[in-house]
Number of protein chains: 2
Amino acid sequence: MAPPKDKPGPKDPRPCSIADALALVGEKYSLLVLREVCLGNRRFDQLVRNIGAPRDVLATRLRRLVDAGILTRRTYSEHPQRFEYRPTEAGLELEPVLMTLMAWGDRHLRKDDDRPMVVEHSCGNELVPTVTCTACGAPVRHEDLTAHPQAPGWTVTGPAAA
Amino acid sequence: MAPPKDKPGPKDPRPCSIADALALVGEKYSLLVLREVCLGNRRFDQLVRNIGAPRDVLATRLRRLVDAGILTRRTYSEHPQRFEYRPTEAGLELEPVLMTLMAWGDRHLRKDDDRPMVVEHSCGNELVPTVTCTACGAPVRHEDLTAHPQAPGWTVTGPAAA
DNA sequence: CGCGGTCAGTTGGAAAATCAAACCCTCCCC
DNA sequence: GGGGAGGGTTTGATTTTCCAACTGACCGCG
């Protein structure tokens, strides 16, 4: 019974895959969980220590990430029951997000060279990730982008843009 | 007076630029704010509507992002005082994170072709972002990465890795 | 002039999430 | 049988979030 509106009202935020993705992995600690499992740390106590999250919150996040298909929970020992968490394919495909965030942090949050972690690429060099356009290979710069919302009523530069 | 430890304890999470970056932009709505200002929507009410955030929370986030140097707050009208928010250089450099997240969401959260937003690159094609190694140009795949923590006591695959 | 609307927030109070510490249970090792 | 490790859950206090209402400066309309 939702009457179609011209202008989206207060209760219908912009439909958007960024928002949808963040609904899954945007809660506190979720991306840090992913960082750890991508680093190969798969166990609950390890995660608690390395992330610094409260145990109960971490347990909640892990359930959510498993439900979302980003992590798997595998038994690595019955008697006593013990589990490990690993990234799924979908989880691994979030690693670029982590690398991009890390690069940003390295660049803007520490001018000097105290990078707390260096990632090596198989080509032999330190990984400095760039986001590029798959079609033309050029690095993605803001000025080169034009957004086209697919749903009606949504603008990208309000009618009152300066 | 922090005694140096071999194994990091419960109260010293892994030092990491991912965590540092998320401390700034990882709170709920922060990246959506950035999405909107990158789209050219600069005003408070516009942000409230398009993001769907409570006004008070949004006000808090905006202050934080401005303090962090990710957004600027510019007066666009005295009498009545009115402000607009724009991304700084640092803010714009987070756009690749957004694009990467969006691509992931498009791929994993909607198998069919109902992408809610399409971004066009200046090369004329739809933007499909890839994260590549700046040195060799190859797309970043998990298997090609090796992490080297720079602080002592931190491992990347716990001693009990399977 | 008075009425309604836009804009950029602030305020107040209830509901939900976070946090830290303690607890539980099952094993293993000595 | 005492002390770990491991993987959580429980409890209760503290923070955040959320929502609706309110403010205060203006504008346009009749």
Side-chain angles (χ1 to χ4, degrees), chain A residues 6-13 19 22-30 32-33 36-37 41-67 71-86 155 158-162, chain B residues 6-13 19 22-23 26-30 32-33 36-37 41-67 71-86 155 158-162:
Chain A
D6 274 324
K7 284 179 187 300
K11 285 280 84 92
D12 39 74
L22 287 174
L24 291 186
V25 299
E27 292 169 299
K28 199 170 179 184
Y29 304 121
S30 293
L32 298 184
V33 170
E36 286 302 315
V37 298
N41 295 321
R42 320 187 204 290
R43 275 123 98 136
F44 188 84
D45 274 22
Q46 243 170 350
L47 298 178
V48 168
R49 278 192 296 275
N50 294 358
I51 295 172
R55 307 173 74 80
D56 57 342
V57 176
L58 188 63
T60 307
R61 294 294 179 274
L62 287 169
R63 266 189 293 267
R64 183 150 178 63
L65 291 171
V66 168
D67 288 355
L71 259 42
T72 56
R73 184 189 199 241
R74 276 193 19 184
T75 298
Y76 73 84
S77 143
E78 333 251 353
H79 296 328
Q81 281 233 309
R82 290 291 142 80
F83 311 100
E84 63 180 12
Y85 297 91
R86 291 160 175 268
T155 52
Chain B
D6 273 326
K7 285 180 185 298
K11 284 281 84 90
D12 39 75
L22 287 174
E27 292 169 299
K28 199 171 179 184
Y29 304 121
S30 293
L32 297 184
V33 170
E36 286 303 315
V37 298
N41 295 322
R42 321 187 203 292
R43 275 121 99 138
F44 189 85
D45 273 24
Q46 244 171 350
L47 299 179
V48 168
R49 278 192 297 274
N50 293 358
I51 294 171
R55 307 175 74 79
D56 57 343
V57 175
L58 188 61
T60 306
R61 293 296 178 273
L62 287 169
R63 266 189 294 266
R64 183 149 180 64
L65 290 171
V66 169
D67 288 356
L71 260 42
T72 57
R73 184 191 198 239
R74 275 191 20 182
T75 298
Y76 73 85
S77 143
E78 333 253 352
H79 295 322
Q81 282 232 309
R82 291 291 142 78
F83 310 99
E84 62 179 13
Y85 297 91
R86 288 160 178 269
T155 51

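Since the model is a prediction, treat every value here as computed from it, not as a measurement. Just the heavy atoms: all of them, side chains too, but no hydrogens, waters or symmetry mates, feed the values below.
Look at CG on A:Leu71: it is 15 Å from C1' on D:dG7, rounded to the nearest Å. Rounded to a whole Å, the CZ atom of A:Phe83 is 13 Å from the C1' atom of C:dC25. Rounded to an integer number of Å, the gap from CG of B:Asn50 to P of C:dC7 is 12 Å. As rounded to whole Å, 14 Å separates atom P of C:dA8 from atom CD of B:Glu36. Nucleotide D:dT17 holds its C1' atom 16 Å from the CD1 atom of B:Ile51, rounded to whole Å. Look at CZ on B:Arg64: it is 14 Å from C1' on D:dT16, rounded to the nearest Å. The nearest whole Å value for the distance from the CG atom in B:Leu62 to the C1' atom in C:dA8 is 10 Å. Rounded to an integer number of Å, the gap from CG of A:Leu58 to P of D:dT9 is 11 Å.
In terms of phosphate contacts, A:Tyr29 brings no side-chain nitrogen or oxygen within less than 4.0 Å of OP1 or OP2 of C:dA17. Between C:dT18 and A:Arg61, a contact under 4.0 Å exists linking OP1 or OP2 to a side-chain N or O. B:Tyr76 has no side-chain polar atom (N or O) that falls below the 4.0 Å cut-off from OP1 or OP2 of C:dC7. Proximity of A:Lys28 to the phosphate of D:dT16: no side-chain N or O atom is located under 4.0 Å from OP1 or OP2. Considering only side-chain N and O atoms, B:Tyr85 lies under 4.0 angstrom from the phosphate OP1 or OP2 of C:dG9.
Counting only N and O atoms by type, the side chains of A:Tyr85 and A:Arg42 include no donor and acceptor under 3.5 Å apart.
For the atom pair CG (B:Leu32) and CG (B:Leu47), the distance works out to 10.5 Å, reported to the nearest 0.5 Å. Atom CZ of B:Arg86 and atom CG of B:Asn41 lie 12.0 Å apart (nearest 0.5 Å).
Across B:Tyr76 and B:Phe83, no two heavy atoms sit closer than the pair CE2-O, 3.2 Å. For the pair A:Val66 and A:Thr72, the tightest heavy-atom approach, listed with the atom from each and the gap, is CG2-C, 4.4 Å. Nearest approach of B:Pro13 to A:Ile51, heavy atoms of both residues: CB-O, 3.2 Å.
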Open item on the list: Using side-chain contact (heavy atoms from CB on, under 4.5 Å), reason through A:Arg63 and A:Thr60 one step at a time and then give a plain yes or no.
Closed with: CA-CA 5 Å; A:Arg63 266 189 293 267; A:Thr60 307; 4.0 Å; yes
Distances for protein N or O near nucleotides 10-12 of chain C N or O, under 3.5 Å:
| unit_1 | atom_1 | unit_2 | atom_2 | d |
| --- | --- | --- | --- | --- |
| C:dT10 | OP2 | B:Arg63 | NH1 | 3.3 |

Could you go through nucleotides 25-29 of chain D and list every protein N or O atom that sits under 3.5 Å from one of its N or O atoms, giving the distance for each pair?
| unit_1 | atom_1 | unit_2 | atom_2 | d |
| --- | --- | --- | --- | --- |
| D:dC26 | OP1 | B:His79 | ND1 | 2.9 |

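Of all nucleotides listed (D:dG8, C:dA20, D:dC18), C:dA20 comes nearest to the side chain of A:Pro54.
Side chain of B:Arg61 to main chain of B:Lys28: a donor-acceptor pair is present (N/O by atom type, distance under 3.5 Å, no hydrogens or angles).
By the salt bridge (Lys or Arg N to Asp or Glu O under 4.0 Å) test, A:Asp45 pairs with A:Arg55, sequence neighbours left out.
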